Amino acid sequence: MLNHKLALTLLLSAVLVACSPAQETAATAEPQAAVGSTATVQEYPAETFFATTTLYGSSLSHDNAEVLVTSDADGIFNVYSYPVGGGDPAQLTRSTSDAFAGISWFPNDKRFLYTADQGGNELDHIYVRELDGSVQDLTPGKELKAAFLGWHANDEFFYVMTNERDPANFDIYRYRTDSYSRELIFQNDAGWADMQVAPNGEWLALAKVNSNKDTDLYLLDLTDAAAEPLLITDDTNAVSNSIFSFSPDSQSLIYGTNAHGEFVQAWRYDIASGEHSEEYTDNWDVMFVYFSEQGGYQMIGVNSDASTKLTILNTATGEPIAMPSYPAGDLRGVNFSDDESVLAFYVNSDTSPSNLYTWQVGQEQLVQVTDALSPKIDKSDLVASQVVRFESFDGLEIPNILYRPQQASVTNKVPAVIYIHGGPGGQTRKGYNPMVQHLVNHGYAMLGINNRGSSGYGKTFYHLDDRRHGEDDLQDVVYAKKYLQSLPWVDADKIAVMGGSYGGYLTMAALAFTDEFDAGINIFGVTNWVRTLESIPPWWASFRQSLYDELGDPAEHAERLRRISPLFHADQVQAPVLIVQGANDPRVLQVESDEMVAAIRENGVPVEYVLFDDEGHGFRNKENRIEAQEAYLNFLEQYLRQADNTAGD
């Protein structure tokens with residue numbers, strides 16, 4: 001089984017490039033305007049879009065018979081087992097409130113690990129489901145957060161990190177697979193931000209965040225109680241390094257580094273000799289490198305202009321493997337069985353949610369295990385996106401993902417929504433998004449902006465917004481509006497802004513600091529930066545300095561943070577606003593949205609507030625996703641499509 005690495009940032013998708021069919025083209029030019037009659041499109045309610053099943057996870061059982069999958073088929077995420085050869089799944093957990101996420105089968109039987117928090121509070125625990133169906137919490141206690149770090153190569157142990165001893169630091173425990181007895185193997189007293197144990201259990205890779213531009217990697221010999229972490233990336237300049245994976249023989253560490261140019265490259269550190277060598281490079285960021293258990297295959301993911309291209313190499317030949325044809329789209333969650341005879345993966349595209357496929361390596365046919373799209377939706381009514389670019393106020397080229405509704409034409413201009421990702425350093429990417437497709441299906445153009453500060457476009461672009469948030473990146477949003485107004489099929493007088501988390505912040509900033517937009521939808525967005533940075537969860541302590549480098553230290557930069565915080569300028573908000581918030585959100589506290597709503601109402605400006613008592617920083621319950629989606633559409637219908645707006649040109 002794969003030695004899974006803790007993902008501290010975004011979940012990353014993958015696109016196979018080895019002998020794959022033609023992929024959807026990402027255009028860089030302006031999309032052509034449709035002329036003539038308007039397309040006839042069936043418009044579906046939010047409930048139909050969210051009748052589509054969301055699936056992820058691809059751990060293969062020891063007998064190669066089943067795939068462990070997380071699915072929201074019953075309305076909340078639970079764990080299922082799908083037969084490798086196709087057929088109906090077996091539901092293995094039956095939560096009706098908290099979202100459960102499958103982690104992995106055990107190496108030699110059908111026990112499995114899964115994780116869950118409580119109502120979206122992000123205090124994840126690790127659970128084991130026994131063969132008899134009983135469940136045990138392997139990380140009991142209150143106010144702790146735990147994460148799985150992988151299996152030992154001998155299958156007798158697995159690793160879990162928890163912050164039970166110190167809320168700000170995660171220690172590593174080694175658990176026995178038979179008795180679940182555990183032993184502390186590493187006490188984290190130095191604020192290490194990322195950690196990974198080698199397959200043989202002898203080495204520990206550690207990441208130390210010095211700033212938002214500088215992360216060092218260390219290696220610790222776990223067989224020597226007196227050993228100290230050894231710095232292995234001693235760069236003179238500030239360099240961002242990250243742990244990718246150990247080689248299956250535990251003799252090398254594969255890591256990512258931007259020391260050699262704008263983009264992240266994959267390099268190899270040989271533990272015995274201490275030598276570094278280039279592993280894989282591209283003209284975009286290498287995002288991950290990992291191996292099958294036996295080491296016969298290597299998976300390499302590259303962030304290629306908002307898509308992820310994945311190469312699967314045969315390590316014996318160094319050549320990409322040849323696979324049977326599969327539907328156009330990106331491959332995600334690629335996982336080999338322990339004996340490397342079976343491959344499980346998902347295919348995802350703008351117009352198709354993730355579907356699980358399996359392949360008996362060497363055979364001529366794939367097996368499509370799932371069909372996740374709602375049967376009520378005609379796929380021809382969905383819209384594929386285009387990658388487009390425009391010049392911002394200073395000439396900087398800004399990349400975006402654009403969806404043009406089929407109803408749009410020069411004789412039937414449509415309203416538009418600028419959608420802003422979270423982060424701040426996130427990225428809007430291609431792939432199926434029911435929230436976007438629902439609004440596009442109802443005739444709204446959607447422009448997913450990757451404003452300066454977004455990841456995926458080089459380190460210079462990424463750092464252009466450092467301590468310039470609510471200023472230069474906000475101007476990118478304003479110029480996105482100007483770009484939309486240049487499209488002959490967009491109604492230039494009906495443009496809204498929308499986003500979640502940091503995107504919610506920029507939404508409120510756009511309404512408070514400009515008069516450019518006709519409406520805004522703020523989904524759990526920051527409105528008071530001083531309070532947000534003072535109240536970050538304790539488990540973020542290891543990269544607190546990185547946050548301060550990017551956004552500002554609330555002790556030193558309180559004046560600027562107040563200046564860019566929409567809450568303190570609520571009297572300037574004149575356009576209608578919809579605010580959505582989870583009561584259990586540990587990142588953006590409910591009080592942020594409560595106060596923003598109250599302040600806008602004092603101005604007599606229309607504001608709608610949707611508060612979910614059982615959600616955190618995002619939506620886990622399908623009913624809540626449907627309710628929020630209906631609120632988005634109803635709000636836009638009332639205040640954008642039907643309104644006689646007079647905001648700026």
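All figures in this text were calculated on a predicted structure; none of them were measured in a lab.
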Distance-only donor-acceptor check, side chains Thr308 and Asn303, under 3.5 Å: no
Polar side chain donor-acceptor pair, Thr281 to Gln265, under 3.5 angstrom: no
Side chain to side chain donor-acceptor pair (under 3.5 Å) partners of Asn258, counting only residues at least two apart: none
Set of side chain to side chain donor-acceptor pair (under 3.5 Å) partners for Thr428, sequence neighbours left out: none
Asn624 and Glu615: side chain donor to acceptor below 3.5 Å: yes
Pairs involving residues 456-465, ordered by first then second residue, that meet salt bridge (Lys or Arg N to Asp or Glu O under 4.0 Å) (sequence neighbours left out): none
Thr527: partners by side chain to side chain contact (heavy atoms under 4.5 Å, CB included), with sequence neighbours left out: Met508, Asn522, Leu567, Glu592, Met596
Residue list, side chain to side chain donor-acceptor pair (under 3.5 Å) with Tyr444, at least two apart or on another chain: Glu637, Arg641
Exercise: do Asp216 and Asn241 side chains pair donor with acceptor under 3.5 Å: no
Short side-chain donor-acceptor distance under 3.5 Å, Ser307 and Lys430: no
Check ion pair Glu278-Arg268 (N to O, under 4.0 angstrom): no
Partner set under side chain to side chain donor-acceptor pair (under 3.5 Å) for Asp282, not counting sequence neighbours: Lys309
Output field: ring centroids Phe513/His569 closer than 6.0 Å: yes
Check: His260 ring centre within less than 6.0 Å of Trp267 ring centre: yes
ring-ring contact (aromatic ring centres under 6.0 Å, His included) partner of His438, the single match among Phe49, Phe50, Tyr44: Phe49
Under-4.0 Å salt bridge between Lys622 and Asp72: yes
